[in-house]
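Take a look at the structure set out below.
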Amino acid sequence: MDNSRNGFHPATLIRDFDQGKTSRLSDGRILREWTLVAQEKEIEVAPGVTFPAWAYNGRVPGPTLRATEGERLRITLVNHSAHAHTIHFHGLHAAAVDGTAGVGLGLVQPGEQTVYEFDAEPYGLHLYHCHVTPLAHHIAKGLYGVFLIDPKEARPEADELVMVMNGFDTNFDRANELYAVNTIPFVYMSEPVKVTVGEPVRIYLVNVLEYDLVNSFHVHGNFFDWYPTGTSKKPVEHTDTVMLCQGQRGILEITFPREGRFMFHAHQSEFAELGWMGFFEAGPRKEPVT
Amino acid sequence: MTRHTSGRGGSRLKTWLLGLLPLAIVALAALGFAVLDGPGLTERNGPPAEELVVERTTLAAGSIELVVRNAGPDPVTLAQVAVNDAFADFRIGEPVIGRLGSTSVRITYPWVDGEAYEVALLTSTGGVVGHEIPVAVLTPDPSGFIGLMALLGTYVGVIPVAIGMLWLPWLRRVPPGWIRTLMALTIGLLAWLAIDAALEGMEVANEGAGALGGAGLVGIGAIAAYLVLSGVQAWMTGRPGQQGGHRLALLVAVGIGLHNLGEGLAIGSAYAVGALALGATLVVGFAIHNTTEGLAIVAPVSEERVSALRLSLLGLVAGGPAILGAWLGAATTQPALAALLLGLGVGAIAQVILQIAPSMRDGSGRLLHPLSITGILTGMLLMYATGLLT
Ligand SMILES: [Cu+2]
């Protein structure tokens, strides 16, 4: 499995947050800017299996866009692919920048570009994806990513991870052949996600899986606090399993009390055995250097 | 005398009237039945039986066009079209398709090269007719067909047959026993071609509308070709100055020609739907396969003088139809027509086999002797083996 040829690696992608480029507006607010390029890209989704993906900035999922509540956001979409695309953000914004065909800015044709501008609200964990028909196709091809708005008053320090639950329909029969978190099946089995005993871990979990009705997240030997959509600072549940439909997302806060390898996977056993499983490897607390 | 003649005239008229009487009654009864709306019969139970067959799929940039035929007993109204579980915009020639009628449905859809699609045609009664496009490929522009198909037909039909005919000088030098074996070999080759064409015909026929005849068309084609060729053969036998070998060679050429028509048809239609990679392997495979057909044509004239002109005409009769078939196959995908044409090939070959059979006889007049049996089996094996190349 040649992750370097894909140009992205799930082991680094999991802690990769894109803060964009910031500047000050005349009213003192922060303006945060990103440029996303939609393009066709062949990616290797399992050893020896290539998938003709459509990607934002050459990676699936697209970059994890991270802003803080109340900022002004400006996202430029450049379409370098052969099909019309958009970016549709979940969140509060004007109809004109909704990224829907026939409304406001509408479709971004091949070779063209457009700018979506709106305020970062509400705080929470959101997502963005292309919203062009046939919708299932544009999403399943890989045009999606995480859109994270931090509250003005920051959440407590933690080891933060991004997990996008997705899958691939490699034979185009509208059923997935491969399932994963962060695109590559089983990748966290061979390269476990390293965490530290006693240190809080925060997981931004988003389900974008197409063609299957639900997806789920389950962790072994531990429980977590569950903040659906991340729009409240009070957890609604202390559990070890959550179920999400497409577009549903939430924040998990978990601390590993013991060292060792702990599995995490979809609790649809079929998804798990088709790639959606991995390990946390809880290591000893690092002694401060004296 | 006069009375006698008029009496005969009267009885002739009477014979005619008596013969027409049942027909007239049938016509009257049918008319009355229709006018009275089928007295005594109840309405059919259940929903109307809808049967649609997609006969042709054309993929252009951003659109999928289907030619749909109604193969069921009732008119069908096409109301909506969905592609891969999503409704799509479409334009339709005539939404109401009458029995055995056809219409063209043009769907606006941004299909992607190499992916699979499933088109669902929703009828006004809520019925769904599914049509799969296993691999989407741009349908080649028909204007580019003529030259390419002619070239392809020449490669797989005309040239190989001509090359195979170059065995003639060698045939003239080998002893009669060899010739008998070669005739047996030819029968083996032809038998294989007939089986192949029959199976292909059944397969093609089953893709089409059952109401148009289906696999029965292969049988009709086969019997028609057999009878026509038998007639031609009987007529040629009656003409003076026709040597037996020449006649046989022509019949073999016609039989193989009809077979190559079917082969060209298969190549052309496969190309039209993008299912055919026009690779060198395919052309080489067909060429080697068809070279053996040239041998079959010249074998009957190995002991007779034949002019070069006659030989090239024979070659053209056998190989040329491949070009015709390729054009026809690329221009129209009407499964019923293809089945009929393939059936013609089967019948023609069967007739030719019967014509050649006597030339296998050995000194004691036996048809099946060790050499002829070996020849037939070798012929079939040869065709099977070279067929693997295509
Ligand atoms: Cu798109």
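All chains are named by letter (A, B, ...) in the order of the sequence lines, taking the proteins before the strands, and each is independently numbered beginning at 1. Values below: all heavy atoms of this structure, side chains included; hydrogens, waters and symmetry mates excluded. Keep in mind it's a predicted model, so treat the numbers as computed, not measured.
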Quiz item: Considering only heavy atoms, which portion of B/E118 lies under 4.5 Å from any heavy atom of chain A: side chain, backbone, both, or neither?
Solution: both
Exercise. Specify the closest pair of heavy atoms between A/P52 and B/E115, including all atoms of both residues, with the distance to one decimal.
Key: CG-OE2, 4.5 Å
Quiz item: To the nearest 0.5 Å, how far apart are CG in A/D173 and OH in B/Y117?
Solution: 13.0 Å
Quiz item: Taking it one step at a time, do A/H137 and B/W111 satisfy side chain to side chain contact (heavy atoms under 4.5 Å, CB included)?
Solution: CA-CA 10 Å; A/H137 191 244; B/W111 57 273; over 6 Å; no
Quiz item: Relative to chain A, which segment of B/F87 carries a heavy atom at a distance below 4.5 Å: side chain, backbone, both, or neither?
Solution: neither
Quiz item: More than 12 foreign heavy atoms under 6.0 Å from CE of A/M243: is that the case here?
Solution: no
Quiz item: Under a 4.5 Å cut-off applied to non-hydrogen side-chain atoms, are B/D85 and A/Y211 in contact?
Solution: no
Quiz item: For A/D169, is it the side chain, the backbone, both or neither that has a heavy atom under 4.5 Å from a heavy atom of chain B?
Solution: neither
